[in-house]
Amino acid sequence: MSTNLIYLLFCGALLMLGLVAFFLARGKATRTRASGAAMFAQPDQYAWFSVLATAGPAILAGALGAFVMLLLGAEIPVAYLLTASVVIAAIGLFVGLMQVRPDFHARQAIEKVIRLALATAALMSIVTTFGILLSIVSEAIRFFQMQSLWDFITGTTWSPGDSFLASAGRAGEGSGGAQFGSVPLFAGTFLISLIAMLVAIPVGLLAAIYMAEFAPPKVRDLAKPVLEVLAGIPTVVYGFFAAITIAPIIVDVAGFFGLDASYNNALAPGVVMGIMIIPFISSLSDDVINAVPDSMREGSLALGMTKSETIRSVVLPASMPGIISASLLAVSRALGETMIVVMAAGMRPNLTANPLEDMTTVTVRIVAALTGDQEFASAETLSAFALGLVLFVVTLILNMVSVLMIRRFRDKYRTNTL
Amino acid sequence: MSQSFDEITAQLKRRHRRSARLKHMSMGALILAAAFLFIFIGDMLVKGLPAFQQAQIQVEVSYTEQASQIPPAAVGEDVRGLVSRGYLRLIPGRMRDNPELLGTTRMEWVLADSSVDQYLKGHEDALRGSEARVVERLIEGGRAELRFNTTFFTNGDSKMPELAGIASAAVGTVMTLIVTMLVCFPVGVMTAVYLEEFAPDNRLTQLIEININNLAAVPSILFGLLGLAIYINFFGVPRSSPLVGGLTLALMTLPVIIITTRSALRSIPDGIRQAAFGVGCSRWQVVRDHVLPLSLPGILTGSIIGMAQAMGETAPLIIVGMVAFIPDVGGSFTDAATVMPAQIFTWAGEPDRAFVEKTAGGILVLLAVLISLNATAVWLRKKFERRW
């Protein structure tokens, strides 16, 4: 019998039992009530409780069995497992029906089950975070068992090319060994992020100031969707734009000034990434500026300040924590941005401050390491997780600081819109 | 006195000028941002619109015995290099299916090679010498023209640009999003309901809240690492499948859905809850019968936005292997598949110039879908928005 058919049968059996539970329990409750007994709950609630008692334990048992099978590697035939859980469902049905008594709080019992289910769902987010941490840290540890941590942090050469020879037991055949010095990768990442920020922060902030302080409502209604569209463009599309349109323009312009630029220069992905981040900064800053109480503006204007003086010396200082928080979030996005740099930046680790040269970033190397045809245990593949770990820690710190700053802003002005 | 008055007037003028300058600068920034968008869309249209047209040429196809063995023999020697190899490959199969074709010769409009296509679209250097002369002759005789490119919408990926299409990627995207939606919509809404309506204000709740905000800002590529290490290596989910891609995207979209659902729930005034409590509803009854139905438009809007975001995501999917070469439309959730953004990424890496056009064409389709999704979300919000 095919596995799909077994699953189908299982679902059918469970559905049948659930229906049986519903109607039997409701019938029993209705009869009890008709006989004149005062009950704590409505018949429908008893019915739903019986359904929960039937399906809940059965599904739990099935999931638990599957999990045990995966974790311990014990082979339980699917048919047995599902039969067992159908038996459990039948027992649950029986117990559920027994509980249809006038002194049983069916409604509160349902409430408890639902509360538990909701709380379990809420725990998913914590499980995800731990999943990320666990998966990255465990593989990163394997990497650092092969390569020294110190070389990883301080080394200036990243050449994993020969690591597959080493893993094939033919170390030393290539030139030198594999070297995993991550400094050039981080230098490239920071340079490209810096270029992006130089584009995004001034443009985004000024656009936010215009929308919050100057723009007539009509312009605002028009500009918001435009920025939203800009924010909704997939990064792979930005990457294509950077590689096909912007990079050649930069090479031409550089050539006009007598400079030599690579087609994989850092400027193209940096600028395009900046464009991508503009709506992010402008919408967050717009919210923050709008949250500054009007009384402060009015006070300043009443003293005879012009509008720009009010913005510069009252509104902006007041909203500074929020703007910094937005900028930090933007930096964290720029550091973790993948597709634009994969498509438009180079592959060659290059320690330089010249944005016209090609250079690579952390995310590019992660993608390169994991899309190659290496076996999973090779040092190059595992290096992706070490790089991912650093990326995770850095973005985590940036996010935390950003959250703290926005909280300070919120507490100061007691606004709940952020 | 009058001098200081003049001074003040001059100063005031300067201050107002400065004020106007800030206004113009900030307006300029907004215009710049809008200009970026228009340049970008214009560039994509210029590059991508030709992809919706494809060259076809009218040639004499002779269904001979020889052609069923060696397909190129079906067309004349002079146009052999101009007809798509993909078309020629189909000839033996067609002859098997329609035996009456054998021995006939007919004029047929056939798919042209991508070099002819590029030549017709104005890239004169795509063809050289004798081939260019043949094509010129065909054009003069009205036997070569650009027609609407249905292949682009019905075919999967191909190494031959004239045969490459987005169908398999589109199906892959839909299947991946189904998995994503099935996982993250219930879990996300349940989490949001728990945090807004049920959770006690304790350490654990705060931890969950911080966590969700954090997850929303984790770089997407790290979700790919999680998918690779946990789903593929630990749970043994098939690599490159819509299942693993969808599950990875679900974790990434979860915070978006939670955050938007929470704000939708928060916008329901407390009076409604208190009225329901007042007539004796339990907490779950309040949520099920009053809060959820009232906040449903907001939740749907948030889910659509989350889906649009997941649809455009590429980086985590590359890590879990969804950049595979998929020529056929897949049928199962565990078979290898690719998605639209990954297809765009693959094509962008092809050296053939004809693929630049395909890439931009794919981008236009993707953008059209994304923008209409977002527009639907905005429309929903506008239509059902209620001020309490």
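Residue numbers start from 1 in every chain, and the chains themselves are labelled A, B, ... in the order their sequence lines are given, proteins ahead of strands.
- With rounding to the nearest 0.5 angstrom, the CD1 atom of B:I318 is 10.5 Å from the CG atom of A:L370.
- Considering A:I275, A:L227, A:I233 as possible partners of B:L37, the one that fulfils the side chain to side chain contact (heavy atoms under 4.5 Å, CB included) test is A:I233.
- With a threshold of 4.5 angstrom between heavy atoms, A:I278 approaches chain B through side-chain atoms but not through N, CA, C or O.
- Heavy-atom distances place the side chain of B:I210, and not its backbone, under 4.5 Å from chain A.
- Inter-residue side-chain proximity for A:M124 and B:M190 is flagged as unmet; no heavy-atom pair is nearer than 4.5 Å.
- In this structure, CD1 in A:I244 is found 9.5 Å from CG in B:D43, a value given to the nearest 0.5 Å.
- A pairwise comparison of heavy atoms in A:S332 and B:A217 identifies OG-O, 3.8 Å as the closest pair.
- Taken to the nearest 0.5 Å, the CG atom of A:L222 stands 9.0 Å off from the CG atom of B:L30.
- Put simply, CD1 on A:I311 and OG on B:S26 are 7.0 Å apart, with the number rounded to the nearest 0.5 Å.
- Ranked by heavy-atom pairs under 4.5 Å with chain A, the list B:T359, B:L254, B:I258, B:I212 is led by B:T359.
- Ranked by non-hydrogen atom pairs under 4.5 Å with chain A, the options B:I230, B:L207, B:L226 are led by B:L226.
- Neither the backbone nor the side chain of B:A308 comes within contact range of chain A, judged by heavy atoms closer than 4.5 Å.
- For A:E228, the part lying near chain B is the side chain, with the backbone staying farther off; criterion is any non-hydrogen pair under 4.5 Å.
- Contacts between B:A216 and chain A at a heavy-atom distance below 4.5 Å are absent for every atom of the residue.
- In this structure, A:R115 contributes its side chain and B:F198 its backbone to a donor-acceptor pair below 3.5 Å.
- In B:R288, the CZ atom is crowded: over 12 heavy atoms of neighbouring residues, nucleotides or ligands sit closer than 6.0 Å.
- For B:C281, the part lying under 4.5 angstrom from a heavy atom of chain A is the backbone only.
- Contacts of A:A119 with chain B are made by both backbone and side-chain atoms, with heavy-atom separations under 4.5 Å.
- Only the side chain of A:V342 has a heavy atom closer than 4.5 Å to any heavy atom of chain B.
- Side chain of A:E111 to main chain of B:W284: a donor-acceptor pair is present (N/O by atom type, distance under 3.5 Å, no hydrogens or angles).
- Of the two parts of B:L366, only the side chain, counted from C-beta on, holds a non-hydrogen atom closer than 4.5 Å to a non-hydrogen atom of chain A.
- In this structure, chain B has heavy atoms under 4.5 Å from both the backbone and the side chain of A:A117.
- Using a 4.5 Å cut-off between heavy atoms, A:F392 touches chain B through backbone and side chain atoms alike.
- Proximity to chain A is limited to the side chain of B:L228, based on heavy atoms less than 4.5 angstrom apart.
- Heavy atoms of B:M44 lying under 4.5 Å from chain A belong exclusively to its side chain.
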Quiz prompt | Pair B:F40-A:V237, side chain to side chain contact (heavy atoms under 4.5 Å, CB included): steps then yes or no | solution = CA-CA 10 Å; B:F40 166 79; A:V237 176; 3.2 Å; yes
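- With contacts defined as side-chain heavy-atom distances shorter than 4.5 Å, the pair B:N214/A:L396 qualifies.
- Proximity of A:I126 to B:I208: side-chain heavy atoms (C-beta onward) are separated by under 4.5 Å at one or more points.
- Taking NZ of B:K23 as the reference point, atom NZ of A:K307 lies at 8.0 Å (rounded to 0.5 Å).
- Considering every non-hydrogen atom in both A:G388 and B:L222, the closest pair reads O-CD2, 3.6 Å.
- Annotation for A:E139 and B:A229: closest pair OE2-CB, 4.4 Å, computed over non-hydrogen atoms.
- Only the side chain of B:L215 comes within contact range of chain A, with at least one heavy atom under 4.5 Å from a heavy atom of that chain.
- Residues B:L370 and A:P234 are in side-chain contact: their nearest non-hydrogen atoms beyond the backbone lie under 4.5 Å apart.
- With respect to chain A, the highest number of heavy-atom pairs below 4.5 Å among B:Q309, B:Q285, B:E313 belongs to B:Q285.
- Side chains of B:V378 and A:P225 form no contact here, defined as non-hydrogen atoms less than 4.5 Å apart.
- Closest heavy-atom contact between A:T338 and B:A315: CB-CB, 3.6 Å.
- Heavy atoms closer than 4.5 Å to chain B are found nowhere in A:L335, neither backbone nor side chain.
- Both the backbone and the side chain of B:V356 come within contact range of chain A, judged by heavy atoms closer than 4.5 Å.
- Heavy-atom contacts from other residues, nucleotides or ligands closer than 6.0 Å to CZ of B:F325 number more than 12.
- The shortest distance between side-chain heavy atoms of A:T245 and B:K47 falls below 4.5 Å.
- Atoms CD and OG, on A:Q45 and B:S282 in that order, are 7.0 Å from each other to the nearest 0.5 Å.
- For A:T395, the part lying near chain B is the side chain, with the backbone staying farther off; criterion is any non-hydrogen pair under 4.5 Å.
- In this structure, B:M27 and A:F214 have side chains that are not in contact, with every pair of non-hydrogen atoms separated by 4.5 Å or more.
- In terms of heavy atoms, A:A384 sits closest to B:L225 at O-CD1, 4.2 Å.
- For the pair A:V229/B:N374, no side-chain contact is recorded, criterion being any heavy-atom separation below 4.5 Å from C-beta on.
- Closest heavy-atom contact between B:L22 and A:S308: CD2-CB, 3.7 Å.
- Both the backbone and the side chain of A:I132 come within contact range of chain B, each with at least one heavy atom under 4.5 Å from a heavy atom of that chain.
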